[in-house]
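To start, the structure itself, in structure tokens.
Atoms within a ligand are numbered from 1 in the order they appear, just like the ligands themselves. Just so it is clear, the model here is predicted, and its values are computed rather than measured. Sequential numbering from 1 along the given sequence is applied to the chain's residues. Worth knowing before you read on, the calculation uses all heavy atoms, side chains too, and leaves out hydrogens, waters and symmetry mates.
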Amino acid sequence: MPKNRCFACGKDNPEGLHLHFHYNSIGRSVECSVKISAKYQGATGFAHGGIIATLLDEAMAKVNGMGGVRAVTVKLNITYRKMVPVWRKLQLHGRRTKRSGRKLYLRSELRDPDGVVLAEASGLFLTVLPAS
Ligand SMILES: CC(C)(COP(=O)(O)OP(=O)(O)OC[C@H]1O[C@@H](n2cnc3c(N)ncnc32)[C@H](O)[C@@H]1OP(=O)(O)O)[C@@H](O)C(=O)NCCC(=O)NCCS
């Protein structure tokens, strides 16, 4: 197996987030439990917005990847609703809402254990050919 050094999900990247997703093929969606390490803080006790963006982007990318679709992010729109605490078990969800030719429209959310949405995103992805 080739090494997976993806910063978000790669088991072969010692500096990465090591996110582990579960795929639902019927709903074209993914789920992932995540605890954000204190080293990714912005304000004390809370996650940096860039890391939150990474999580939300990855949740959408995984819907494509685990569904066998090779695509890249071309547009990412994030809404930060509440401060995201570090070291708390959170739930990350991603799903595809629409496909139109090469264009894939997805959404993702980061929720606390009570189901409150802390941050959410919509994304546009474009399919790409595998590199030869
Ligand atoms: C994805 C990529 C290869 C697309 O290039 P391309 O194949 O030449 O695609 P085009 O620019 O012709 O765009 C195809 C369609 O998507 C649309 N599109 C492309 N980028 C878009 C954007 N940011 N927002 C909205 N629409 C976009 C185009 O308008 C076009 O629509 P149309 O077919 O209705 O006219 C190129 O944009 C790219 O490599 N981007 C960087 C991706 C990346 O690094 N993402 C982060 C890591 S995953």
Side-chain angles (χ1 to χ4, degrees):
M1 286 290 285
K3 292 204 181 288
N4 180 357
R5 294 197 176 89
C6 171
F7 173 68
C9 70
K11 66 176 172 36
D12 303 308
N13 184 342
E15 306 298 329
L17 299 174
H18 300 133
L19 301 177
H20 184 74
F21 287 87
H22 298 277
Y23 182 63
N24 172 347
S25 58
I26 296 164
R28 289 200 184 85
S29 65
V30 297
E31 288 286 342
C32 171
S33 288
V34 58
K35 271 187 199 166
I36 301 172
S37 161
K39 67 182 172 182
Y40 299 120
Q41 285 176 96
T44 304
F46 297 98
H48 192 283
I51 285 292
I52 297 166
T54 300
L55 297 177
L56 292 167
D57 179 46
E58 185 67 15
M60 293 188 282
K62 271 286 169 290
V63 176
N64 297 327
M66 294 176 90
V69 178
R70 193 180 175 97
V72 293
T73 319
V74 293
K75 200 168 187 180
L76 182 61
N77 188 341
I78 298 174
T79 303
Y80 296 95
R81 296 207 174 274
K82 298 192 185 298
M83 302 288 279
V84 175
V86 293
W87 284 135
R88 186 145 188 234
K89 192 172 172 187
L90 304 172
Q91 203 64 23
L92 186 56
H93 173 83
R95 68 190 180 284
R96 192 165 94 197
T97 56
K98 187 176 146 189
R99 178 167 191 168
S100 173
R102 288 179 65 199
K103 294 178 189 171
L104 307 162
Y105 298 85
L106 292 104
R107 299 191 74 88
S108 59
E109 288 124 30
L110 185 64
R111 296 177 185 268
D112 75 6
D114 298 321
V116 174
V117 175
L118 306 177
E120 60 190 321
S122 60
L124 172 62
F125 289 69
L126 275 183
T127 58
V128 288
L129 294 173
S132 53

- request: Looking only at protein heavy atoms, identify the closest one to atom 9 (O) of ligand 1 and say how far it is in Å.
  value: Arg102 NH1, 3.7 Å
- prompt: When you check the side-chain N and O atoms of Ser33 and Gln91, is any donor under 3.5 Å from an acceptor?
  reply: yes
- prompt: Between Glu31 and Arg95, is there a side-chain N and carboxylate O pair less than 4.0 Å apart?
  reply: no
- request: Please indicate, with yes or no, if any protein heavy atom is found under 4.0 Å from atom 48 (S) of ligand 1?
  value: yes
message: Looking at Arg96, I'd like to know if its CZ atom is crowded, meaning that more than 12 non-hydrogen atoms belonging to other residues, nucleotides or ligands lie closer than 6.0 Å.
response: yes
- prompt: What protein heavy atom sits nearest atom 29 (O) of ligand 1, and how far away is it?
  reply: Lys103 NZ, 4.8 Å
statement: If you scan protein heavy atoms around atom 36 (C) of ligand 1, the nearest is Val74 CG1, 4.9 Å
- line: Shortest non-hydrogen pair, Arg107 vs Thr97, comes out as CG-CG2, 3.8 Å
query: At their closest point, which heavy atom of Ala121 faces which heavy atom of Leu76, and how far apart are they?
result: CB-CD1, 4.3 Å
- request: Can you figure out which of Thr127, Asp57, Leu76, Leu124 has its heavy atom closest to atom 26 (N) of ligand 1?
  value: Leu124
- prompt: Does some non-hydrogen atom of the protein lie less than 4.0 angstrom from atom 1 (C) of ligand 1?
  reply: yes
Atom 39 (O) of ligand 1 - nearest protein heavy atom and its distance: Val72 CG2, 4.9 Å
- line: for atom 45 (N) of ligand 1, nearest protein heavy atom and its distance come out as Thr73 O, 2.9 Å
task: Could you check atom 3 (C) of ligand 1 against the protein and tell me its nearest heavy-atom contact, residue, atom and distance included?
output: Val128 CG1, 4.1 Å
task: Could you tell me the residue and atom name of the protein heavy atom closest to atom 19 (C) of ligand 1, and the distance to it rounded to 0.1 Å?
output: Leu126 CD1, 3.7 Å
- prompt: Can you check side-chain contact (heavy atoms from CB on, under 4.5 Å) on Leu104 and Val69, steps first, answer last?
  reply: CA-CA 10 Å; Leu104 307 162; Val69 178; 3.7 Å; yes
message: Determine whether a donor-acceptor pair (N or O, by modelled atom type, separation under 3.5 Å) exists between the side chain of Arg99 and the backbone of Gly101.
response: yes
- prompt: Got a protein heavy atom sitting under 4.0 Å from atom 24 (N) of ligand 1?
  reply: yes
- request: Ignoring hydrogens and angles, tell me if any N or O in the side chain of Asp112 forms a donor-acceptor pair with the backbone of Asp114 under 3.5 Å.
  value: yes
Compile the donor-acceptor pairs under 3.5 Å between side chains in residues 46-63 and protein atoms, sequence neighbours left out, one pair per line.
{"from": "His48", "atom 1": "ND1", "to": "Gly50", "atom 2": "N", "distance (Å)": "2.9"}
{"from": "Thr54", "atom 1": "OG1", "to": "Gly50", "atom 2": "O", "distance (Å)": "3.0"}
{"from": "Asp57", "atom 1": "OD1", "to": "Thr73", "atom 2": "OG1", "distance (Å)": "2.8"}
{"from": "Glu58", "atom 1": "OE2", "to": "Lys62", "atom 2": "NZ", "distance (Å)": "2.9"}

field: Sub-4.0 Å protein heavy atom next to atom 41 (C) of ligand 1
entry: no
- prompt: In ligand 1, which numbered atoms sit nearer than 4.0 Å to a non-hydrogen atom of Lys75?
  reply: 24 (N)
field: Connected via hydrophobic side-chain network under 4.5 Å: Leu124 and Leu106
entry: no
task: Answer yes or no for atom 31 (O) of ligand 1: protein heavy atom present at a distance under 4.0 Å?
output: yes
message: As a test of the contact definition, would atom 13 (O) of ligand 1 count as having a protein heavy-atom neighbour under 4.0 Å?
response: yes
